[in-house]
Student: 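Take a look at this one; I'll ask things after.
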Amino acid sequence: MPLVRISHAAGKTTAFAEALSKGVHDAMVETFNVPKDDVFQVLTDHGAGLRVTPSFLGIDHGPEPVFIQITCSEGRSVDQKKALFAGIASRLAAEPGVPADDIIINLVETKRENWSFGRGLAQYA
Amino acid sequence: MPLVRISHAAGKTTAFAEALSKGVHDAMVETFNVPKDDVFQVLTDHGAGLRVTPSFLGIDHGPEPVFIQITCSEGRSVDQKKALFAGIASRLAAEPGVPADDIIINLVETKRENWSFGRGLAQYA
Amino acid sequence: MPLVRISHAAGKTTAFAEALSKGVHDAMVETFNVPKDDVFQVLTDHGAGLRVTPSFLGIDHGPEPVFIQITCSEGRSVDQKKALFAGIASRLAAEPGVPADDIIINLVETKRENWSFGRGLAQYA
C-alpha cells in the first residue's frame with residue numbers, strides 16, 4: 001500500500017525514471033511484504049529545487065540526490081527497514097546507476113485504516 | 001488544518017483542478033470537522049510521473065490516477081475516515097468525473113501542536 | 001535529518017528560493033538541534049496549484065502562501081516547535097520578505113530508525 005514520492009534531478013531520460021520506479025518497487029516487494037501489484041508512485045523532476053548537504057554523517061553528496069519518501073502502514077521491524085534501505089540503494093546503484101551515497105530515504109508510517117485504494121473504500125480498516 | 005496534496009494527470013483544465021480542490025475540501029468539511037475556511041492545498045500535475053498498478057485488491061486502475069495525501073491532526077475515528085474516503089470519491093466521481101476506482105487517498109496524522117497557520121504561531125499548541 | 005518540502009509561488013527569483021532555503025534551515029539549526037550540515041530540501045514552485053483560505057483563525061492570507069512541510073524524527077518539545085515556527089517566520093519575513101501571515105508550517109514526525117542518508121544504511125537505527 002505504500003505511496004512513494006521520488007524526487008530526482010531534471011533532464012533525465014524516461015529509462016532513468018523507469019529504473020528508479022522499478023528499483024524502489026522491487027526492493028519493497030522483497031523486503032517489505034509489498035505485493036507485486038501494489039504500485040502507487042509519484043515521480044517528479046527538479047532543477048535547482050533539490051538541495052543537499054555536501055557532506056553529512058561521513059557521507060559525501062553529489063549535486064543530484066534522489067529523495068525517496070515512502071508513506072506506508074506501520075508495523076515493519078527495524079531489520080525490515082534496514083533491508084529495504086539496503087535493497088533500494090543496491091538496486092538504484094546498479095540501475096540506473098545512482099551513487100548509493102546520493103540516495104536519501106525516509107519512511108512515514110501511518111495506521112492501516114488510513115488508506116483508500118479506490119472506490120472510496122477503506123480497504124484495510 | 002489539513003494540508004492536502006493532490007497529484008493529477010497533466011493537460012487538465014482549470015475547471016478540472018478546481019473541482020478536485022472543491023470536492024476534497026467539501027468532503028472534509030462534511031466528514032472530518034474541518035472548518036469551511038480551512039483550505040491549505042497543493043495541487044500538482046504530472047505527466048508520466050504518476051505510476052499506478054493496473055489492478056490491486058480487485059480494483060482496476062486507469063492511466064490517470066488522482067493521488068490525494070492529507071496531512072491532518074490525529075483523532076478522527078475509523079468511521080470518520082471511512083466517511084471521508086466515500087465522500088471524496090463520490091464527489092470527484094460526480095465532478096470533475098474521475099472514476100472512483102482511480103481515486104487513491106492516504107492520511108498522515110500528526111500531533112495538534114505540529115501546525116503553524118501563519119505568523120509563526122503554533123495555533124493549536 | 002529533516003526532509004523539508006517548500007512549496008512557493010511561481011515566477012520567483014533564485015535569490016527568493018535561496019532565502020527560503022536558508023531561512024528555514026537556519027531556524028532548524030537554532031531551535032531544533034539540527035546540525036548545520038544536515039540539509040535535505042525539495043523546493044517546488046507552483047502557479048495556480050497553491051490554494052489557501054483568505055482567512056482562518058484570524059489570520060488573513062494573500063495569494064502567495066509558502067507551505068513548509070518538515071518530516072523529522074520525533075522527540076522535540078512543544079517549546080522547541082513553537083521556537084521553530086517563530087524562527088522560520090521571522091527569518092522569512094526579513095528575507096526574502098514573505099509576510100509572516102503567509103507562512104504555513106507543518107511537522108510530520110517519524111521514528112529515528114526511518115531514515116537513510118545514503119549508502120543504504122539506517123544511520124540512526
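We name chains A, B, ... by the order of the sequence lines, and we start the count at 1 in each one.
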Student: Would you name the heavy atoms of B:Trp115 and B:Ser73 that are closest together and state the gap between them?
Tutor: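 Taking B:Trp115 first and B:Ser73 second, the nearest heavy atoms are NE1-OG, 3.5 Å.
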
Student: Side-chain contact test, heavy atoms from C-beta onward, threshold under 4.5 Å: evaluate it for B:His25 versus B:Val34 and give yes or no.
Tutor: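 Yes, at least one pair of side-chain atoms sits under 4.5 Å.
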
Student: Among the options B:Val78, B:Thr44, B:Ile104, pick out the one with the most heavy-atom pairs lying under 4.5 Å from chain A.
Tutor: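 Ranked by heavy-atom pairs under 4.5 Å with chain A, first place is B:Ile104.
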
Student: Would you name the heavy atoms of A:Arg76 and A:Lys81 that are closest together and state the gap between them?
Tutor: O-CE, 3.6 Å

Student: Using the ring of each side chain (for Trp, its six-membered ring), is B:Phe40 parallel, tilted or perpendicular to B:Phe117, with breaks at 30° and 60°?
Tutor: tilted

Student: For the candidates B:Ile59, B:Val66, B:Val52, B:Ile103, which exhibits the highest count of non-hydrogen atom pairs separated by less than 4.5 Å from chain A?
Tutor: B:Ile59

Student: Do A:Gln80 and A:Thr31 have side chains that get closer than 4.5 Å, going by heavy atoms?
Tutor: no

Student: Less than 4.5 Å to any heavy atom of chain B: does that hold for the side chain of A:Gln123, its backbone, both, or neither?
Tutor: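 It is the side chain, since no backbone atom gets that close.
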
Student: For B:Ala86, which atoms come within 4.5 Å of any heavy atom of chain A: side chain, backbone, both, or neither?
Tutor: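 Both parts, backbone and side chain.
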
Student: Under a 4.5 Å cutoff for heavy-atom pairs, which residue among A:Thr110, A:Asp45, A:Val42 has the most contacts with chain B?
Tutor: A:Val42

Student: Identify which part of A:Lys36 has an atom lying under 4.5 Å from any heavy atom of chain B, answering side chain, backbone, both or neither.
Tutor: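 Neither; nothing under 4.5 Å.
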
Student: Is the shortest side-chain N to carboxylate O distance from B:Arg51 to A:Glu18 below 4.0 Å?
Tutor: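 Result for this pair is yes, salt bridge flagged.
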
Student: Output the option from A:Ser21, A:Ser116, A:Gly118, A:Ala17 having the highest count of non-hydrogen pairs under 4.5 Å with chain B.
Tutor: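 That would be A:Ser116.
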
Student: Under 4.5 Å heavy-atom distance to chain A, tell me which part of B:Ser7 shows up: side chain, backbone, both or neither.
Tutor: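 For B:Ser7, the side chain is the part near chain A, not the backbone.
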
